[in-house]
Amino acid sequence: MKTKLFVITPPFTQLNTPYPATAYIKGFLNTKNVESVQADLGIDVILELFSKKGLLDLFQVSGSKFDVVGNEVSDNSKRIFALQDEYVKTIDAVIQFLQGKNPTLALQICQEDFLPEASRFAQLEELDWAFGTMGTQDKAKHLATLYLEDISDFIVECIDENFGFSRYAERLGRSANSFDELYEALQQDLTYIDSILISLLKDKIEEIKPTLFLISVPFPGNLYSAFRCAQWVKQNHPEIKISMGGGFPNTELRSLSDKRVFEFFDFITLDDGEVPIEELIFHLENPDSNSFKRTFLLENGEVVYKNNSLKHDYKQAYVGTPDYSDLPLDKYISVIEIVNPMHRMWSDGRWNKLTMAHGCYWGKCTFCDISLDYIKVYEPVAANLLCDRMEDLMQQTGQNGFHFVDEAAPPALMRALALEILRRKLAVTWWTNIRFEKSFSADLCLLLKASGCIAVSGGLEVASDRLLKLIDKGVTVEQVAKVTRNFTEAGIMVHAYLMYGYPTQTVQETVDSLEMVRQLFEAGILQSGFWHQFAMTAHSPVGLYPEKFGVTKKSETIGTFANNDIDYIDSTGINHDKFSFGLKKSLFNFMHGICFDYELQEWFDFKIAKTKIDPDFIFNALEEVNDFNTKPNAKVVWLGGKPFTESFSKSKKGRTWEMMSLTFHDKKESFTIQTSKNEGEWLVEILKKVTVANPKNYTFQEIKTDFETQLEDFELFWYSKPVNTLREFGLLVL
C-alpha cells in the first residue's frame, strides 16, 4: 500500500510565520515522490479561538465563574467579561489587520477609543519611545497585540491555565525526567483548548486519510499537544502509524525507556529526519523489513532503539527546497509584543526559513550541545544552491524575507551568498545568527548590507575574557566590540545573547560583564540584547565533564523520559538568580539609550562590588589605526556602476599633463574623482573586471600585478584620495 504522510506542528510556536520543520520534511519527500500534506495546528487553533464565534463560545463557557458568589476572579477578568460585546465586535477586524489584510484599521486603533483596554494597556507610556515617528501601522500592531494579550490573560485565569501564544502546557515538557505528570494530565478530560485542537485534527485526518502521521515537536511547549493529537488518532484511527521527531526528542528523549510513551506513538526518531522517515515508509510498505535509522519503538513489550540502517544521511544538496504549500501563509498574524528590536523581528512579518549550513563550523562552546549531530556534523550549502532555493521560495510564497536559522552562519559562506544575491540582482531581506569573529571586517559588513542583510544576532555570552576562554568562544570582548562596530556602521542591527551564572563566574565578573554591556550600548554599537541564565545540559561539555568546570551534578539518576537540563551545584556557592532583575532592568534602559550615567549599584537592591573595568575600555578598543597590510589573496569587489569619464588638461608653471575626471552615480548621490589620464583609464577597466556582476573574483594581488604592468607606484595610487573615496562608496576588499 502506498504511504501517505500527514506532517504537523502541534500548538504553539510562532504566530507570524510557520516553524520550518514540516516544510523541510515536505521538501525532502517531494524529491522522493512521496505524497504528503502538512499543517500548522498552532495557527489553526489560534484563528479558531480568536474569532467572533471563538470569543462568543469563550465567554459562554467562562460565564459560570462570574455567576457564582465567592468565586475569586480578578478585577481584570471581570472587566474583560463586562466588555465582552466590545471584544466580540472587534476581534475579526483586528485579526484581519494583523494578517495585513485591513491596513486602514490602524487609524481607528491608534485613536485609542476603538479597542477595549484591560491591564496590558498599563504599559502605554512606553509607546512614544518605542514608535516615535514610525507611523500608525506599528503603533496599531502593538496596541492590537496588547488587546490579544488581555484576552490571553482572561483565558489563562478563567479557562485554561496552560495557555500561551507561543507555547502550551510548557511546564509539563520542561525537565520532565519522569513521564508521570504528563501521563496523568493526558488521562484527564480534554481542556477547552484541547477540544478546539481535536476538532480541527479530526477534520484534517478524515479529509487526508494518511497512513503515517508525523508530529514535529520543536520545544517543550509543543509536547503536551503532540501527545493529545497522537492520543486521539490512536483511539479513533488505530490503523494510522504515528511518529514523533524534532528538536525536543533530539535533545530530551535520547535515553527514553518509559513504555507508556508508546501507548501514544509507534516511533520516535532522532536527529536529521530524512533517512529515519524514509526507512519508516519502507517498513510500512514492507512490514517484514526491520531496518531503522535512529528510531525508538516498542518490541516484545520493551522500548528498543534501532539504528541498523545502512543508509547514510543525505548531503544538504539533496534534501530539497523547503515546501510551504498547504500552510495558510496569508493567515499568520504579525504582532509586536515588546519593544526589543530583535524580538520584534521574531514576531512581526513572515519569514522564509532556510539554513546556510548544517551544524556549527565552530562547534566548541562548552555550554552548547556540541556532542549532538545537529551541531557536531558541519556541512555548508553552496551559495548558488542557496540562491536557487531562495528564488524557489520567493516564487512559492510571494515573500522575499529570509531568516537563516543557522547555529552560526559561516562568514565565508555569507560572503559568497551576498555576492551571489547581488549578481542575480535579487531584492531580498535577510538576517541570521553569527559568531562575533574577526572575519567580519568593515568591508564584509558593507557587502552583507548591500545584499539585503538587515540584522545579526550573536552570542557575546559573558563579557569577560576569562570566561570567554573557559567557554571556548574563540573571541575576546575587544574583538566583539570591533565586529559590532563594523555591523552597526554598515547599517546592520546587532543583537547580543548575554549569559550570567556560568560555572565559577564570580560576582565581580557579573558586575564587570554588565559594565562591558553598558559601554557597548553607550558606544552605540549594540542595538539589542537579552540576558539568559546559564542552564547545564546533558550533551554539552559542561554537562558531560562537570568536574572540569567546578560544578557537581545534584544527581546521577537518568530519568525514564526527558533528560537534558541538569541540576547542579556550583563550587562558588553564588546565588545567580538574584542578579536576574537588575541585569534585565538595566539592559531595558540601555536599549532605550538612557541611564548610562547610573552607578551599576543602582540596578540592584543588594550590595555589589564596584566594577574593575576601565570606563573607556570599549572606546579605547575602537580607536583603530588604519591597517595597510592588505592580504594578497583578499577579493576586491566593486558594488557601484560605470562612471562617466571626461579628459582634460592641467597646467602649472609651464608644464601640462592629461587628467581624467570620473563621475559616479550612487543610489543617494553623485560624486566625482580626478586622477591622471593613464590611472583613470586603468581604473575604468579594472572596475569593469571587479564589478559584483562578474562571476570571476579578482584578488588584490592580481589587481596590483595588472596595475604594475602599465604604471608605477601601486601603493601610492591605492592609498590615494580618489581610491579612498571609491572605498567609501563600495570598492570593497574582502
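Only a predicted model underlies this, so the values are computations on that prediction, with no experimental measurement involved. Scope of the values below: all heavy atoms of this structure, side chains included, with no hydrogens, waters or symmetry mates.
D392 is linked by a salt bridge (charged side-chain N to carboxylate O under 4.0 Å, His left out) to nothing, counting only residues two or more places apart in sequence or in another chain. D373 meets the salt bridge (charged side-chain N to carboxylate O under 4.0 Å, His left out) test with K376; sequence neighbours excluded.
Under the 4.5 Å side-chain criterion, counting only non-hydrogen atoms from C-beta, F292 is not in contact with V304. Looking at R228 and T191, their side chains never come closer than 4.5 Å, going by heavy atoms from C-beta outward. Looking at Y183 and D258, their side chains never come closer than 4.5 Å, going by heavy atoms from C-beta outward. In this structure, F6 and K209 have side chains that are not in contact, with every pair of non-hydrogen atoms separated by 4.5 Å or more.
The heavy-atom pair separating L29 from S36 by the smallest distance is CD1-CB, 3.7 Å. Taking both residues in full, the closest heavy atoms of N433 and S457 are given as OD1-O, 2.6 Å, listed atom of the first, atom of the second, then distance. The shortest heavy-atom contact between D369 and S540 is OD1-N, 3.8 Å. Contact detail for S225 and P10: the closest heavy-atom pair is CB-CB, 3.9 Å. Summarising the geometry of N563 relative to A538, their closest heavy-atom pair is O-CB, 4.3 Å, with the distance given to 0.1 Å. Between L186 and Q231, the shortest heavy-atom contact is O-NE2, 2.9 Å.
Aromatic rings from Y314 and F28 are positioned such that their centres are separated by under 6.0 Å.
Between K32 and E278, at least one side-chain N (NZ, or NE/NH1/NH2) sits under 4.0 Å from a carboxylate O, which counts as a salt bridge. Between K2 and E285, no side-chain nitrogen of the basic residue sits less than 4.0 Å from a carboxylate oxygen of the acidic one, so the salt-bridge criterion is not met. Between D180 and R260, at least one side-chain N (NZ, or NE/NH1/NH2) sits under 4.0 Å from a carboxylate O, which counts as a salt bridge. Ion pair R350/D330 not flagged as a salt bridge, since none of the NZ, NE, NH1 or NH2 atoms sits closer than 4.0 Å to an Asp/Glu carboxylate oxygen. A salt bridge is defined here as a Lys NZ or Arg NE, NH1 or NH2 lying under 4.0 Å from an Asp or Glu carboxylate O, and D313 with R294 meets this definition.
Atom CZ of F267 is separated from atom CD of E279 by 11.5 Å, given to the nearest 0.5 angstrom. Here D40 contributes atom CG and T9 contributes atom OG1; the two are 5.5 Å apart, rounded to the nearest 0.5 Å. Atom NZ of K65 and atom CD1 of I159 lie 8.0 Å apart (nearest 0.5 Å).
The aromatic rings of F561 and F248 are tilted relative to each other, their planes meeting at an angle between 30° and 60°. By the 30° and 60° cut-offs, the orientation of the rings of F179 relative to F227 is tilted. Ring pair Y497/H532 is tilted by interplanar angle, where 30° to 60° counts as tilted.
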Fill in: Trace of the side chain to side chain donor-acceptor pair (under 3.5 Å) decision for T355 with Y24
CA-CA 10 Å; T355 311; Y24 277 50; 2.8 Å; yes

Practice prompt. In sequence, state the C-alpha distance, the side-chain angles, and the governing distance for Y224 and Y168, and then conclude on ring pair (Phe, Tyr, Trp, His ring centres under 6.0 Å).
Written response: CA-CA 7 Å; Y224 168 83; Y168 185 67; 5.5 Å; yes

Discussion item. Does F163 form a ring pair (Phe, Tyr, Trp, His ring centres under 6.0 Å) with Y192? I'd like the steps, not just the answer.
Written reply: CA-CA 10 Å; F163 179 74; Y192 182 75; 9.9 Å; no

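By the neighbour-count criterion of 12 heavy atoms within 6.0 Å, atom NZ of K306 is densely surrounded, having more than that number from other residues, nucleotides or ligands. The number of heavy-atom neighbours closer than 6.0 Å to CZ of F282, taken from other residues, nucleotides and ligands shown, is 12 or below. Residue Q235 qualifies as enclosed at atom CD: its count of foreign heavy atoms under 6.0 Å is above 12.
Side-chain N or O atoms of S152 include none that pairs as donor or acceptor with a backbone N or O of L148 at under 3.5 Å.
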Acceptor/donor pairs from residues 45-52 side chains to any protein atom, 3.5 angstrom cut, sequence neighbours excluded:
| unit_1 | atom_1 | unit_2 | atom_2 | d |
| --- | --- | --- | --- | --- |
| S51 | OG | E48 | O | 2.9 |
| S51 | OG | G54 | N | 3.0 |

